[in-house]
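Okay, so here's the structure we're looking at.
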Amino acid sequence: MCLQRKRAGVESLIDIKNSNRVAQKSMKMTEIDLDEPKQLAVVMNQEEIEKQKAKERYMKMHLAGKTEQAKADLARLAIIKRRWSKKKEKGKMKPGKH
């Protein structure tokens, strides 16, 4: 005899499954690899080193003005310098202060 709970209302029409739930597997002690965490740590360390190297390469190129962001920054700086020089020239040219 199969003992199933009788579903009330619309429960019998809707089959609900949690897609986020992951069934946990039972492992025997003989199946567990004790070296795996070490390998994972090595891979993570290598990824961190690669990220750091990439960041350093980008900063070198940025300081040399070869990146798009550096070019945009230098263009904005040139505009600001022109504005300041124009204001400075206008300040010198005011009549009556000679």
Side-chain angles (χ1 to χ4, degrees):
M1 197 189 304
C2 191
L3 295 176
Q4 281 188 331
R5 186 181 77 123
K6 184 178 178 184
R7 295 181 177 186
V10 292
E11 277 188 57
S12 62
L13 302 174
I14 302 172
D15 187 30
I16 300 173
K17 291 184 181 178
N18 186 352
S19 60
N20 295 326
R21 184 175 185 274
V22 178
Q24 294 185 357
K25 298 178 184 177
S26 299
M27 296 183 80
K28 295 181 181 178
M29 287 298 290
T30 56
E31 295 175 356
I32 296 175
D33 185 13
L34 297 176
D35 294 330
E36 187 176 328
K38 292 178 188 175
Q39 292 171 350
L40 182 61
V42 169
V43 169
M44 289 176 64
N45 193 16
Q46 288 174 347
E47 288 175 356
E48 289 177 22
I49 290 170
E50 285 299 317
K51 284 181 185 178
Q52 185 65 27
K53 284 181 181 179
K55 191 174 185 179
E56 289 173 4
R57 280 192 305 270
Y58 179 82
M59 286 307 294
K60 281 182 183 179
M61 289 181 66
H62 184 75
L63 291 174
K66 294 181 180 179
T67 63
E68 293 297 319
Q69 184 180 0
K71 290 175 185 176
D73 291 345
L74 291 172
R76 277 194 302 272
L77 184 61
I79 291 169
I80 292 169
K81 284 183 179 181
R82 275 189 253 132
R83 286 181 186 165
W84 275 98
S85 65
K86 286 180 183 178
K87 285 184 180 180
K88 195 173 184 182
E89 288 295 320
K90 285 183 182 178
K92 288 182 181 178
M93 296 283 208
K94 285 188 179 178
K97 290 202 174 188
H98 288 262

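Side-chain atoms are counted along with the backbone in the values below, which use heavy atoms only and exclude waters and symmetry mates.
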(request) Could you check if a side-chain atom of Lys71 sits within less than 4.5 angstrom of a side-chain atom of Leu74, using non-hydrogen atoms only? (result)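 A side-chain contact is absent here, since even the closest heavy-atom pair is not under 4.5 Å.
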(request) Indicate yes or no: at least one non-hydrogen side-chain atom of Gln52 is less than 4.5 angstrom from one of Glu56. (result)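 Heavy-atom side-chain distance check passes, below 4.5 Å.
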(request) Please name all residues satisfying side chain to side chain donor-acceptor pair (under 3.5 Å) with Arg76, sequence neighbours left out, ordered by chain then number. (result)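 Per chain and number, Arg76 pairs via side chain to side chain donor-acceptor pair (under 3.5 Å) with Asp73.
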(request) Measure the NZ-CZ distance between Lys87 and Arg83 for me, rounded to the nearest 0.5 Å. (result)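 That separation rounds to 8.0 Å.
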(message) Rounded to the nearest 0.5 Å, what separates atom CD in Gln46 from atom CD1 in Ile49?
(response)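 Reported to 0.5 Å precision, the distance equals 7.0 Å.
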Side chains of residues 57-68: which donor-acceptor pairs under 3.5 Å do they make with residues two or more places apart or in other chains?
| unit_1 | atom_1 | unit_2 | atom_2 | d |
| --- | --- | --- | --- | --- |
| Tyr58 | OH | Gln69 | OE1 | 2.9 |
| His62 | ND1 | Thr67 | OG1 | 3.1 |
| Thr67 | OG1 | Ala70 | N | 3.1 |

